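On a predicted model such as this, the values are computed, not experimentally measured, just so you know. We count ligands from 1, going down the list as the structure has it; atoms in each ligand are counted the same way.
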Amino acid sequence: MKVLVVGGGGREHALCWKLAQSPKLTSLYTAPGNAGMAAVAECVAIGAEDVDGLVAFARDTQIDLVIVGPEGPLVLGLADRLDAAGIRVFGPSAKAAQLEGSKGFTKDLCQRANIPTAAYGRFTDADAALAYVRDQGAPIVVKADGLAAGKGVTVAMTLAEAEGAITDAFDGRFGEAGAEVVVEAFLDGEEASFFAISDGEIAVPLATAQDHKRVGDGDTGPNTGGMGAYSPAPVMTPALVDEVMTRIITPTLTTLKAEGMPYKGVLYAGLMITDKGPELIEYNARFGDPECQVLMMRMESDLLELLDAAARTDLAGKSVTWTDDVALTVVMAANGYPGSYDKGTVIGGLDAAGAPKDVEIFHAGTSVKDGKTVATGGRVLNVTARGATVAGAQATAYAAVDTVDWPDGFCRRDIGWRAIEREQA
Ligand code: AMP
């Protein structure tokens, strides 16, 4: 099969790396890709949100399956356009991708389908939202409705913080994404990410992961796109996985299908494991980044076969197998991230760092200049390792990190700490 992967981050590198192992693959393209992906796929210079360009390329190249990595093109309707052009696609329609594109849409769906989630209100004007938070009190959570690059959520521990977040959103801080605001109750517990693949009719559970969103050790400092992750998430017992499938994933898919927007693609549920059981924090319409990297390191099944079956509405009877190993990834970012940072700094030592058999280095933001690998983004490398335990995978990952020669980059030194504490308790 000829496959096109849309995107150019660590998530897409990990997907390409795994797809390249499939005996069913004949050619692999990625748009736009990155320096690391060039080792496993042909990079095509088309932007991930250039819907016209992607459809034309897929048609002209006779691509059999397009796999969409990021949410942006999905919300723009890339899957609908490919579908209309008769090209098979793994990724939801724009309507179904509202699960990620509109927090209010998802909250209303949860209410209709009786899915456990925090109590909430939706607001299109500041006064009503302010009155609601003053009535509810803090802690409380304020969210811009639309896509805000992970920056639209304020977990307000004081009323003043909540009021500030509401004023900011309606003052246009998140542009159109903040024209509507969702305010919801604060949920207390441990977070976990749960992934399933749906063909529009049924879902197959994948695996669980946990990530570290804060930039600093000990989960301190500002939020980022994710500084590291590991799989499986020890908090997710098999009983909890069953409960999440029955009470959250299946009713979501059944409701979307009944309402004429069947969901094909990855369902990524952000969960809070509370005293009352798992509650849905949010949905994403794609694999998490960097969670995808650790899932791909553990997956034994043929990824291409699986995603193609989902795209063909043929998941019935399929399941996915995983190694018992733990996988852990450390994100190396440019100094200054998530604030401003330099681009174009040179990275060395990658071949030696990636040489051990249990290590893979996925590129998140790199290109090649004058024969050297250079950093082109905030999050730049995902140094990923497998091990029998979280502590073992962590030690292997950091040994590889220390072999990378990049004075202009940094990483957290404690990825997996919570799971290691559990392991050693
Ligand atoms: P989201 O973009 O909706 O996943 O929110 C980003 C982060 O905010 C989540 O990963 C949680 O850490 C936190 N968060 C979101 N909603 C809640 C909530 N209702 N209660 C507590 N924390 C939340």
(request) Determine the interplanar angle of the H13 and F362 rings, folded into 0 to 90°, and report it as parallel if under 30°, tilted if 30 to 60°, perpendicular if over 60°. (result) perpendicular

(message) Using 30° and 60° as the class boundaries, would you call the ring planes of H212 and Y230 parallel, tilted or perpendicular?
(response) tilted

(message) Within the structure, is a non-hydrogen atom of P139 found at a distance of less than 4.0 Å from ligand 1?
(response) no

(message) Just checking K95: does its NZ atom have more than 12 heavy atoms from other residues, nucleotides or ligands closer to it than 6.0 angstrom?
(response) no

(message) As a check for students: among E184, K103, E191, K143, identify the option with a heavy atom nearest to atom 12 (O) of ligand 1.
(response) E191

(request) Give the single entry among T106, I140, L271, V153 that approaches atom 5 (O) of ligand 1 most closely by any heavy atom. (result) V153

(message) Checking E190 now: which residues fulfil side-chain hydrogen bond (donor to acceptor under 3.5 Å, both in side chains) with it, not counting sequence neighbours?
(response) Q210, R422

Any atoms of ligand 1 less than 4.0 Å from a non-hydrogen atom of [X]? List them with their elements.
X	result
M272	21 (C), 22 (N)
I281	3 (O), 15 (C), 16 (N)
E282	1 (P), 2 (O), 3 (O), 4 (O)

(message) Using a plain distance cutoff, I'd like to know if F186 has any nitrogen or oxygen under 3.5 Å from a nitrogen or oxygen of ligand 1.
(response) no

(message) Please check whether L187 reaches ligand 1 - meaning an N/O of the residue sits under 3.5 Å from an N/O of the ligand, judged on distance alone.
(response) yes

(request) State whether D242 and R247 are salt-bridged, where the test is any N-O pair (Lys NZ or Arg NE/NH1/NH2 against Asp/Glu carboxylate O) under 4.0 Å. (result) no

(request) Establish, from distance only, whether the side-chain atoms of Y120 and D108 form a donor-acceptor pair under 3.5 Å. (result) yes

